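The block underneath contains the structure these notes are about, expressed in structure tokens.
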Amino acid sequence: MSENKQVNRMIHATQNKDRRNWRKFGDKNYNVGAIISLIVIGVVWFFAAHVVNQPFTFPYLEDVLYQVGYCLTDMYVLTNLAITMRRVLTGCLYAFIIGFPIGMLMGFSPKILKWMAPFINSLRQVPIMAWVPLAIVWFGIGDGPTIFLIAFSGVFTVILNTIQGVQDISKDFYNAARSMGANTFSLIKDIVVPGSLPGVLTGLRLAIGLGWMSVI
């Protein structure tokens, strides 16, 4: 009974479509709305900062923009930004390498989904910061712990979105392929992998965002 609950939780997580619905709020003009929102925020920030007149706690907008421009021309900042980017991309690559085949198997096979759902659900509930001491013990000081935390934070997003991508494929494609004599390998190569790419790309994009949040 408990295993069925774990499977249901996994299926519910893969069917969460909030990540796709946010663009519908602004219809076709969501980009224009975002630009207008940024302008409004900038104007409010500019006047509010000058009214408060405490740059230490509420910096001026023009000062922040100047420092941003300065940082973009400072080689020390750019070098560290490149190091951070390398760590994020490396961690996301590991998350993809690990999460993609697991998500494919779980999405394609209900039995594998049932067996692995309790394990995946248990791991993804652990807060990312709880892994910091273990990451330092396992990988020492340096890039290792950071890359591990980035990969760990993104791997479950890749798995869940890959499962969703596989499950979104219409059953008609499977039936048509089987009626023409396709074997399991052909189904995976010609239907599952191409058909699940939207979900996989969504998972990878979200994993990159989570990777930036996990940089310490």
Side-chain angles (χ1 to χ4, degrees), residues 12-13 16-96 99 123-161 199 201-216:
H12 176 73
N16 184 0
K17 298 182 179 179
D18 290 342
R19 63 185 185 274
R20 300 177 182 174
N21 292 336
W22 69 272
R23 289 188 175 182
K24 297 180 182 178
F25 295 154
D27 197 22
K28 297 180 180 179
N29 299 319
Y30 69 93
N31 284 328
V32 177
I35 295 174
I36 294 175
S37 299
L38 289 176
I39 294 174
V40 172
I41 292 173
V43 172
V44 173
W45 183 354
F46 177 84
F47 287 104
H50 283 276
V51 170
V52 174
N53 197 24
Q54 293 182 358
F56 183 76
T57 57
F58 196 171
Y60 299 136
L61 176 62
E62 57 269 29
D63 292 341
V64 173
L65 294 177
Y66 172 78
Q67 292 299 327
V68 169
Y70 173 77
C71 290
L72 294 177
T73 59
D74 187 354
M75 288 306 301
Y76 177 79
V77 175
L78 293 178
T79 299
N80 284 275
L81 181 62
I83 293 174
T84 301
M85 178 68 75
R86 176 177 57 82
R87 290 174 175 174
V88 171
L89 293 179
T90 303
C92 291
L93 177 62
Y94 283 122
F96 174 76
L123 282 180
R124 70 189 185 92
Q125 304 304 323
V126 180
I128 189 64
M129 297 306 297
W131 293 94
V132 172
L134 289 175
I136 295 175
V137 171
W138 292 339
F139 301 101
I141 304 297
D143 290 348
T146 303
I147 293 175
F148 169 79
L149 295 175
I150 293 171
F152 189 86
S153 65
V155 68
F156 300 109
T157 300
V158 175
I159 290 174
L160 293 178
N161 282 274
L201 294 178
T202 299
L204 191 57
R205 184 187 66 186
L206 295 176
I208 293 174
L210 291 173
W212 278 105
M213 295 172 61
S214 303
V215 174
I216 56 174

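What you are looking at is a predicted structure, and each value in this text was computed from that prediction instead of being measured.
Residue Tyr60 qualifies as enclosed at atom OH: its count of foreign heavy atoms under 6.0 Å is above 12.
With sequence neighbours left out, the salt bridge (Lys or Arg N to Asp or Glu O under 4.0 Å) criterion links Asp63 to no other residue. Not counting sequence neighbours, the partners of Glu62 by the side chain to side chain donor-acceptor pair (under 3.5 Å) test are His50. In this structure, Phe56 has no side-chain contact (heavy atoms from CB on, under 4.5 Å) partners at least two apart in sequence or on a different chain. With sequence neighbours excluded, no residue forms a side chain to side chain donor-acceptor pair (under 3.5 Å) with Tyr66. Residues satisfying the side-chain contact (heavy atoms from CB on, under 4.5 Å) test with Ile41, not counting sequence neighbours, are none. Legend: residues meeting side-chain contact (heavy atoms from CB on, under 4.5 Å) with Val44, ordered by chain and number and at least two apart, are Val40. Taking the side chain to side chain donor-acceptor pair (under 3.5 Å) definition, one finds that Gln54 meets it with Thr57, sequence neighbours left out. Listed by chain and residue number, nothing satisfies the side chain to side chain donor-acceptor pair (under 3.5 Å) test with Thr79 (two or more places apart in sequence, or in another chain). With sequence neighbours left out, the side-chain contact (heavy atoms from CB on, under 4.5 Å) criterion links Asp74 to Tyr70, Tyr76, Val77.
Distance CG/Leu201 to CG/Asn161: 10.0 Å, rounded to 0.5 Å. Leu81 CG to Met75 CE: the interatomic distance, rounded to the nearest 0.5 Å, is 11.0 Å. Separating the CG atom in Leu206 from the CG atom in Leu210 is a distance of 6.5 Å, to the nearest 0.5 Å.
In this structure, Val64 and Gln67 have side chains that are not in contact, with every pair of non-hydrogen atoms separated by 4.5 Å or more.
For residues 128-137, no pair satisfies side-chain hydrogen bond (donor to acceptor under 3.5 Å, both in side chains), with sequence neighbours left out. Pairs passing the salt bridge (charged side-chain N to carboxylate O under 4.0 Å, His left out) check and including a residue from residues 131-154, sequence neighbours excluded, read Arg86-Asp143, Arg87-Asp143.
Within the 3.5 Å criterion, the main-chain N or O of Gly144 finds no donor-acceptor partner in the side chain of Trp138.
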Subject >> Derivation and outcome, side chain to side chain contact (heavy atoms under 4.5 Å, CB included), residues Trp212 and Thr84 >> reply: CA-CA 9 Å; Trp212 278 105; Thr84 301; 3.4 Å; yes
Can you give me every donor-acceptor pair (side chain of residues 147-160, partner residue at least two apart or in another chain, under 3.5 Å) with its distance?
from   : atom 1 : to     : atom 2 : distance (Å)
Ser153 : OG     : Leu149 : O      : 3.3
Ser153 : OG     : Ile150 : O      : 2.8
Ser153 : OG     : Ser214 : OG     : 3.1

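Nearest approach of Pro145 to Ile136, heavy atoms of both residues: CG-CA, 4.1 Å.
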